[in-house]
Amino acid sequence: SKWLFSHAFKIIEQIESNRFQAFIVGGAVRDYLLNRPISDIDIATDALPADIMKIFDKVIPTGIKHGTVLVRSQQLSFEITTFRKESGYQDHRHPDSVTFVSDIEEDLSRRDFTMNALAMARNFKVIDPFGGESDIKAQIIRMVGNPNHRLQEDPLRMMRAVRFSSQLGFAVDPITLKAIQKNALLLEHIAVERIAVEWEKLLTGSYMRKGLQLLLETGIHSHLPLLSEHVEVQNQLKKLKVPFPSMTAFIAWAHLLKRNTPISAWSRKWKLSNQQKKDANLLVKVFDILYDENQWKWAVYLLPERLISSFVAVYTSFTKQPITMEKIIDIKRNLPINSRAQLDINGKDVMKCFPERSKGPWIQKNLERVEQAVVNGEIENDSKKISEWILNERF
Ligand code: ATP
Ligand code: MG
């Protein structure tokens with residue numbers, strides 16, 4: 001990340017040589033001071049998007065109206081935003097107007113928390129008008145300005161407070177906390193997609209238990225999609241021991257707690273993608289195969305690699321039986337096949353076993369049975385042996 005910073009400083013230097021100001025701002029400065037890994041770097045400047053487009057070759061106009069463009073440099077992207085202030089927020093959602101300003105401090109004053117209202121110049125000097133550095137040292141999440149007012153402007157900030165607590169292990173300043181408790185209901189004005197982003201970060205945070213405790217303490221949980229209707233699920237949140245690696249894991253877990261609320265209902269309320277919905281269903285299917293039938297090989301076979309960590313988290317929250325990523329990966333490595341395509345027979349071969357039958361769903365059914373039997377080691381993956389087995393079983 002040192003390397004990322006020096007790269008950002010080069011970009012800043014280029015902006016400055018055109019007689020504008022520019023700083024690294026927000027989360028990157030916070031994470032730098034915390035010695036945490038830095039994912040992306042935001043730059044703030046008094047140059048307008050049109051100026052930036054003149055200065056750099058590769059500029060993508062991602063949000064001109066809000067003053068934001070993306071500068072590409074050596075495979076890296078830097079979001080460059082003109083200093084701005086926001087006003088209005090009649091609908092608790094979008095500022096009625098965005099006004100460009102010439103002063104970095106004014107730009108910092110629109111930001112949510114003191115730890116995020118920091119800027120860093122090219123010489124590593126930190127601009128910190130709201131005491132963000134000392135709050136970082138004291139591990140406190142504190143709203144910039146009047147918390148009540150700032151939360152009414154944008155209620156998503158409540159979710160952000162909780163998710164930062166989950167990621168950083170920080171406490172929320174008492175005045176900010178009170179304001180969250182008072183305004184929690186306003187979260188219902190917020191687009192669920194925005195809430196989902198923060199919710200997923202909360203669930204995956206290293207201090208997830210702290211974040212969830214704060215969620216319950218502030219009453220935010222009573223205003224989250226569908227969760228608000230399921231007190232039992234809310235109560236179980238307290239008992240979670242390990243972070244959930246994904247939203248999908250959460251949805252699968254919630255459904256397993258209350259089977260009569262289908263995954264489709266959770267997915268609809270949280271506006272999940274079809275892929276997420278599919279993954280959640282698969283997690284539940286694999287859970288049942290392992291939990292009810294103890295079929296390790298078949299369960300692991302059905303579980304794609306990208307879902308292993310989610311599965312371990314969900315499974316662990318329901319049982320004391322030890323299960324680890326390593327164990328699953330080990331089983332996966334030793335499976336006789338990894339996909340149906342690797343079977344030593346196909347649909348045509350199945351048909352040849354029963355020349356008297358005409359085409360139909362029975363072919364698929366046989367293939368499924370064969371697949372499961374081969375995975376479980378009941379038959380060898382050998383066309384001859386499989387054909388004998390099919391003729392014997394007569395599905
Ligand atoms: P992360 O590491 O998760 O990206 P971040 O602090 O960079 O954390 P972003 O959501 O990327 O968070 O936002 C970048 C910056 O924009 C924040 O640091 C903060 O200064 C400001 N910001 C983002 N969302 C809000 C908001 N809802 N209200 C006020 N300021 C915000
Ligand atoms: Mg960020």
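These numbers come from a predicted model, not from an experiment. Along the sequence shown, residues are numbered consecutively beginning with 1. In each ligand, atom 1 is the first atom listed, and ligand 1 is the first ligand listed. What's counted below: heavy atoms across the whole structure, side chains too, no hydrogens, waters or symmetry copies.
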Is there a polar contact between ligand 1 and [X], counting only N or O atoms under 3.5 Å apart?
{"X": "Asp40", "value": "no"}
{"X": "Ser39", "value": "no"}
{"X": "Arg111", "value": "yes"}
{"X": "Phe164", "value": "no"}
{"X": "Arg194", "value": "no"}
{"X": "Asp42", "value": "no"}
{"X": "Arg150", "value": "no"}

**Item:** Phe23 and Phe83 aromatic ring geometry - parallel, tilted or perpendicular at 30°/60° bounds
**Value:** parallel
**Asked** With sequence neighbours left out, what residues match Trp199 under ring-ring contact (aromatic ring centres under 6.0 Å, His included)?
**Response**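 Partners of Trp199 by the ring-ring contact (aromatic ring centres under 6.0 Å, His included) criterion, ordered by chain and then number, come out as Phe250, Trp270.
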**Request:** Considering only NZ, NE, NH1 and NH2 on the basic side and carboxylate oxygens on the acidic side, decide whether Arg369 and Glu393 come within less than 4.0 Å.
**Result:**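 Salt bridge flag = no for Glu393 with Arg369.
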**Request:** Measure from the ring center of Tyr207 to the ring center of Phe170 and say whether it is less than 6.0 Å.
**Result:** no
**Prompt:** How about Phe113 and Phe130: are their ring centroids closer than 6.0 Å?
**Reply:**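 No; Phe130 has its ring centre 6.0 Å or more from that of Phe113.
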**Asked** Heavy atom of Glu153 under 4.0 Å from ligand 1?
**Response**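 No heavy atom of Glu153 comes that close to ligand 1.
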**Asked** Which one holds for Asp154 and ligand 1: side chain close, backbone close, both close, or neither close, with close meaning a heavy atom under 4.0 Å?
**Response** side chain
**Prompt:** To which of Arg163, Glu198, Gln167 does the heavy atom nearest atom 3 (O) of ligand 1 belong?
**Reply:**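 The option holding the nearest heavy atom is Arg163.
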